[in-house]
Amino acid sequence: MMAEKIIPAVQINNLTKIFPVPFRKEKVIAVEGLSLRVEAGEVYGLIGPNGSGKSTTMKVLLGLISATSGSSAIFGLSSSETASRGSVGFLPENPYFYKYLTGAETLSFYGKLCGLSRRKIKERTSELLSLVDLENARDRRLGGYSKGMLQRIGLAQALVGDPRLVVLDEPTAGVDPAGSRKIRDLIIELKQRGISVILSSHLLEQVQEVCDRVGIIFQGKLIKEGKLEELIEIESQTEIILEHADPKILDQINKLVQASEETRLLRSGKPKTTLERLFLKETRAESEDVRKDA
Amino acid sequence: MDIIRKERALSIVTKLKSYSYRRLLLSLIILGGFGFVRIPIEMNTEKMLKEQGFRDWSPSMSAREQLTQASFVGSIGGFRSLIASIYDLRAHQAFRDKDWASVEKFRGVTTSLQPRFAKHWDLAAWDLAWNAYAYYRNKSEWAEDGVESWQMKNIMMPRYLEKGLEFAKQGAEWVPESYRLSMVVADIYSQKYNDPELASQWYLKSSQADDAPPYVFRAYATHLARCEGKEEEAYEVTSSLYRSTRFGTRALTLTVRRDMERLEDHIALSAANEMSLEQLESAALSNGSTYLDYAKLGMHLLEVKKDLKVALAVYREIVNDKKAPLFYSRKLLMFLARNPANQEQAYEALKKLLKRSPEIFRRQDLIEFTKLETSLGASKNNREK
Amino acid sequence: MSADKVKSVKEDLVLQHKLFSLSRVWAIAFNTFTQLVRMKVFYFMLIFSVLIIGANFLFLNFTFEQELKILKDVSFGAMTLFASIFSIVGTALLIPKDIEDRTLYTILTKPVPRFEYLVGKLIGIIFLVAVSLVLMSFLFFAVLYFRQHGILAEEIKMIRGGATDAQKEYLKETIFAQGVRPELILGVLAIFLKAAVAAGVALVVSTFASSTLFTIIVSLVVYFIGHAQSLALEYYFPEGQMHGALQRFIAGIVAVVFPNLQMFNIFDGIITGQSISTTLMFRLIGLTGFYLTIYSMISWILFAKKEL
């Protein structure tokens with residue numbers, strides 16, 4: 001059987017991007033020899049500290065910047081082609097949209113840019129506004145939106161053309177925990193619909209929850225890449241979580257461990273939740289109480 | 001972002017640099033090419049604009065000297081008409097302040113900026129040849145110092161008059177299609193220089209414009225009539241005016257009537273002095289003779305032969321001719337009144353005529369009439385006494 | 001995913017993508033239009049122009065020729081000022097603002113070619129200037145119309161003993177000749193054409209300039225130099241006086257590089273009664289189109305590979 005050639009959503013080969021510094025001989029190497037690949041339908045996280053080259057990589061991918069050397073393609077089409085963006089949605093970092101447009105008008109504008117018919121635009125607008133929970137701000141000008149609302153309308157705008165690849169640059173930066181949670185849920189939903197996602201973030205914890213694969217970028221180079229599970233597995237350690245543990249069983253386990261030569265018990269006790277989960281739990285409980293009282 | 005690796009990156013960067021320079025170069029080439037292509041088209045367009053009268057002002061150095069910097073820039077920038085209007089206002093203000101030097105300067109500006117706007121020239125001539133002139137005339141009359149008075153009279157007045165005339169003449173050149181400025185020139189020659197010949201020439205010129213009102217042609221006729229030695233020509237014009245229906249009966253103004261009478265008198269008198277009785281008689285009695293021939297004969301009889309009786313008969317003939325102007329009736333009656341026997345009769349007839357057609361009585365006729373009245377009244381009184 | 005299914009994604013994209021889409025351009029143009037309209041600056045300028053036109057009623061103490069002339073001069077001055085300044089400033093705002101707010105990223109990451117983006121912006125602002133000029137000229141013509149009729153009535157009243165029909169006709173002719181004439185519309189059109197070229201210049205400058213202020217300044221300088229074009233041309237092809245070779249060379253460069261905006265100043269002539277031939281008008285329109293095409297092309301070249 002012929003090997004089926006599956007075209008990945010994103011294919012970047014040996015990308016190098018050098019920025020000349022004006023009036024000086026030195027240059028800035030933003031990205032060096034980076035190769036990565038995002039399969040169709042997966043969520044890929046590009047993580048690294050500020051200034052490591054994440055945004056640059058995305059910009060090259062999206063054709064906003066041209067590569068110094070190397071190639072970059074979306075669904076097989078080179079990034080330098082306008083057609084490659086036919087099925088892409090992009091949410092830039094800290095976006096501002098046109099302040100004087102309302103939420104609905106914004107989506108309508110981007111819909112027209114994607115070539116959608118008027119009817120389709122109407123449909124998508126309503127659909128997306130409810131998806132990102134901005135229906136009640138539909139006719140309010142974006143100038144009056146909060147940061148979280150802007151982020152959400154940004155996401156809606158990225159989705160308006162029914163894209164098969166969504167690129168998110170720091171999607172949860174500066175967003176409060178509840179909003180952040182929503183965005184992450186949305187990303188998971190996108191994945192379930194078969195939409196490929198590539199996102200960049202320096203908020204490592206948040207990335208952990210949604211990504212299938214992860215690439216760590218540092219000083220312009222991709223230093224590690226792979227499935228999330230595999231990467232963060234601490235290989236030499238095993239975790240067992242028990243519910244309603246009987247002290248006797250714990251004792252037995254202890255003894256077994258001590259009997260082994262290599263195995264060592266590192267820690268036992270109550271596992272910790274995250275501060276974020278605690279916060280969400282408490283605030284949800286609060287709002288439920290409020291609703292009960294009302 | 002402070003990773004620096006000179007050697008490896010150098011080659012790639014030169015490629016990058018050359019690419020962006022290539023873009024810049026390409027843009028400049030396109031811009032230049034476009035420039036070369038459009039320049040002949042634009043020059044041609046400029047020529048068309050000039051032909052159609054849109055380039056009456058050019059931003060030359062002399063223009064720059066005339067205007068303030070802002071005005072110069074504004075004039076180039078498409079606000080030329082507005083700037084001209086502003087200088088118009090400034091000139092008006094200067095006129096109020098009696099600052100004639102500024103008036104002259106500002107009027108100079110408005111007329112250079114918009115030479116095809118007749119009003120600019122009109123106001124310029126008006127301000128200088130009339131307003132400034134009158135001002136200095138007043139000053140010269142009221143001046144305490146004889147020197148100052150002389151200065152006003154012999155330097156300032158003529159100067160502004162000349163300047164005003166110059167403006168009017170230049171304006172007439174720039175706006176030939178309008179009657180206005182030629183008329184102003186004529187007015188100046190007529191009212192200020194008392195030169196009926198030049199005035200008549202300019203009135204004629206003015207009357208030939210499409211928008212000339214009827215009175216301009218009349219002015220031409222009148223001034224022509226005042227020129228020495230041009231009586232024949234003047235008579236042609238005046239009589240055609242007199243008889244024409246082109247301007248309606250309103251055109252038959254007092255001036256035309258007076259000129260008509262004066263010219264006919266002049267013609268009759270010269271003929272009377274130059275020709276013999278026989279010549280005049282045969283001319284009057286020939287076929288196709290007009291009342292004018294009779295008038296020549298009558299004048300000869302009156303002035304040369306001093307034969308009142310026969311002259312009266314001739315004038316009666318004239319009055320019977322329907323084509324003869326009405327003032328001959330008055331003339332006849334006046335001649336009749338010379339004879340004391342006919343005085344009362346003549347007086348009554350004159351009175352009726354005066355009531356009916358007062359316009360044919362000139363000032364001297366009215367004086368004579370009054371004298372006649374008085375003498376008749378006196379003699380009446382005497383008789384009654 | 002099977003090979004067929006996956007391959008079709010690429011084919012889909014290629015097939016779907018329209019090389020040039022008028023609706024995309026129009027979406028950007030209309031968006032630009034709305035943006036500028038909803039900006040308060042626009043309202044202030046419009047009100048300013050309206051005030052100017054209305055202020056004409058102050059100059060009532062002169063002859064009617066002067067009065068009507070001043071009315072026309074001030075109104076046209078206001079319209080020229082508004083149109084030129086707005087087209088430069090408005091265009092200068094557009095692209096740097098989009099870049100600063102990163103909104104540009106959201107637009108160019110849709111399948112929108114950069115050329116369409118530029119053209120859309122340009123069309124948007126030109127359209128806005130056109131609409132404003134139409135509004136202002138409506139107002140202007142209305143004021144002029146009422147004033148000329150008012151003047152006619154006044155002048156007729158002033159004739160002692162009542163005016164004859166002939167006199168009324170004469171007055172009407174002379175007064176109306178200074179009032180509303182169809183040629184005035186051509187004057188407004190010329191203002192529009194000049195503003196359009198100015199917008200084109202600003203577009204070019206904004207593609208390589210980094211800030212709005214810089215764009216405005218450079219565009220204004222080009223705008224002024226463009227008016228002194230005829231001076232430059234006279235220098236380059238001197239009629240009579242010979243200038244130095246260097247002067248001629250510089251003048252030549254100026255003539256080639258800078259737009260000739262002087263030729264749009266036909267209003268000064270129209271107001272004194274000149275008529276402009278249709279050929280000439282078409283030529284000006286054609287030249288404007290030519291300018292805009294070239295400027296769009298150059299903007300695209302400079303913008304196409306610009307790092308964002």
Side-chain angles (χ1 to χ4, degrees), chain B residues 19-20 23-24 26-28 30-39 41-46 48-49 51-60 73-86 88-89 92 113-120 122-123 175 177-178 211 213-214 248 250, chain C residues 59 62-63 65-66 69-70 72-74 76-77 80-81 84 166 170 173-174 191 194 204 208 223-224 227-231 233-234 237 255-258 260-277 279-280 283-284 286-287 290-291 294 297-298 301-302 304-305:
Chain B
Y19 190 32
S20 68
R23 277 186 288 144
L24 199 59
L26 185 60
S27 315
L28 286 175
I30 291 184
L31 192 62
F34 171 57
F36 278 112
V37 167
R38 70 177 159 85
I39 282 189
I41 303 178
E42 282 178 355
M43 290 198 74
N44 193 278
T45 310
E46 285 282 332
M48 284 176 80
L49 283 169
E51 283 166 9
Q52 299 184 23
F54 287 95
R55 286 286 173 263
D56 302 329
W57 178 82
S58 75
S60 59
V73 169
S75 305
I76 299 183
F79 298 102
R80 183 156 50 103
S81 185
L82 179 60
I83 305 254
S85 290
I86 292 176
D88 194 10
L89 297 177
H92 182 81
L113 284 179
Q114 278 188 309
R116 291 201 194 213
F117 193 61
K119 205 74 193 147
H120 287 318
D122 193 359
L123 289 170
V175 197
E177 60 272 10
S178 166
D211 58 343
R250 282 239 186 158
Chain C
F59 297 99
F62 299 87
T63 65
E65 284 109 327
Q66 285 169 296
K69 179 174 188 286
I70 288 177
K72 285 185 281 184
D73 285 339
V74 173
F76 266 76
T80 306
L81 212 58
S84 321
Y170 180 73
E173 256 182 60
T174 39
I191 291 178
K194 188 157 68 147
V204 172
F208 64 79
Y223 185 74
F224 280 122
H227 280 98
Q229 266 291 354
S230 47
L231 276 173
L233 280 178
E234 266 174 46
F237 297 110
V256 164
V257 169
F258 292 86
N260 183 353
L261 298 176
Q262 186 66 254
M263 57 181 187
F264 294 106
N265 289 342
I266 61 173
F267 172 65
D268 306 314
I270 287 183
I271 204 182
T272 56
Q274 264 79 277
S275 289
I276 186 167
S277 67
T279 337
L280 191 49
R283 209 175 248 227
L284 289 177
L287 275 167
F290 201 11
Y291 270 109
I294 296 290
M297 220 187 281
I298 294 178
I301 292 177
L302 294 174
K305 290 284 185 260

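Only this structure's heavy atoms are used, side chains among them; waters, hydrogens and symmetry mates stay out. The chains referred to below are lettered A, B, ... by the order of the sequence lines, with proteins before strands, and numbering in each begins at 1.
- With a 4.5 angstrom heavy-atom cutoff, F224(C) touches chain B only via side-chain atoms.
- At a threshold of 4.5 Å between non-hydrogen side-chain atoms, the residues M48(B) and M263(C) do not count as touching.
- Only the side chain of F34(B) has a heavy atom closer than 4.5 Å to any heavy atom of chain C.
- With chain B as partner, the option from G77(C), G286(C), S277(C) having the largest number of non-hydrogen pairs under 4.5 angstrom is S277(C).
- Between the CD atom in E42(B) and the CG atom in L287(C) there is a gap of 5.5 Å [rounded to 0.5 Å].
- F267(C) and S81(B) get closest at one heavy-atom pair: CE2-CB, 4.2 Å.
- With rounding to the nearest 0.5 Å, the separation of CE in M297(C) from CG in L26(B) is 10.0 Å.
- With contacts defined as side-chain heavy-atom distances shorter than 4.5 Å, the pair Q114(B)/I271(C) qualifies.
- To the nearest 0.5 Å, atom NE2 of residue H120(B) and atom OG1 of residue T272(C) are 8.5 Å apart.
- The two residues F54(B) and I270(C) make their nearest non-hydrogen contact at CE2-N, 3.6 Å.
- Residue G32(B) comes nearest to V256(C) through the heavy atom pair O-CG1, 3.6 Å, listed as atom of the first residue, atom of the second, then distance.
- The shortest distance between side-chain heavy atoms of L89(B) and I70(C) falls below 4.5 Å.
- Nearest heavy-atom pair across I76(B) and A228(C) is CG2-N, 4.1 Å.
- Contacts of L261(C) with chain B are absent, with no heavy-atom separation under 4.5 Å from either backbone or side chain.
- Of the residues considered (T279(C), I191(C), V257(C)), V257(C) shows the highest number of contacts with chain B, using heavy-atom pairs under 4.5 Å.
- Chosen from V175(B), L123(B), L49(B), the residue pairing most often with chain C at heavy-atom distances under 4.5 Å is L49(B).
- D88(B) approaches Q66(C) most closely through the heavy-atom pair OD2-NE2, 2.7 Å.
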Item to complete: Go through the steps to decide whether N44(B) and R283(C) satisfy the test side chain to side chain donor-acceptor pair (under 3.5 Å), and finish with yes or no.
Response: CA-CA 10 Å; N44(B) 193 278; R283(C) 209 175 248 227; 2.9 Å; yes
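- Considering only heavy atoms from C-beta on, L24(B) stays 4.5 Å or farther from I301(C) through its side chain.
- For the side chain to side chain contact (heavy atoms under 4.5 Å, CB included) with F79(B), the qualifying choice from L81(C), D268(C), N265(C) is L81(C), the only one to do so.
- With hydrogens and angles disregarded, no donor-acceptor distance shorter than 3.5 Å links the side chain of Q52(B) to the backbone of Q274(C).
- Separation of atoms CD1 (I298(C)) and CZ (R23(B)) is listed at 13.5 Å; rounding is to 0.5 Å.
- Distance CD1/I294(C) to CG/L31(B): 8.5 Å, rounded to 0.5 Å.
- The two residues K69(C) and F117(B) come nearest to each other via the heavy atoms CD-CE2, 3.3 Å.
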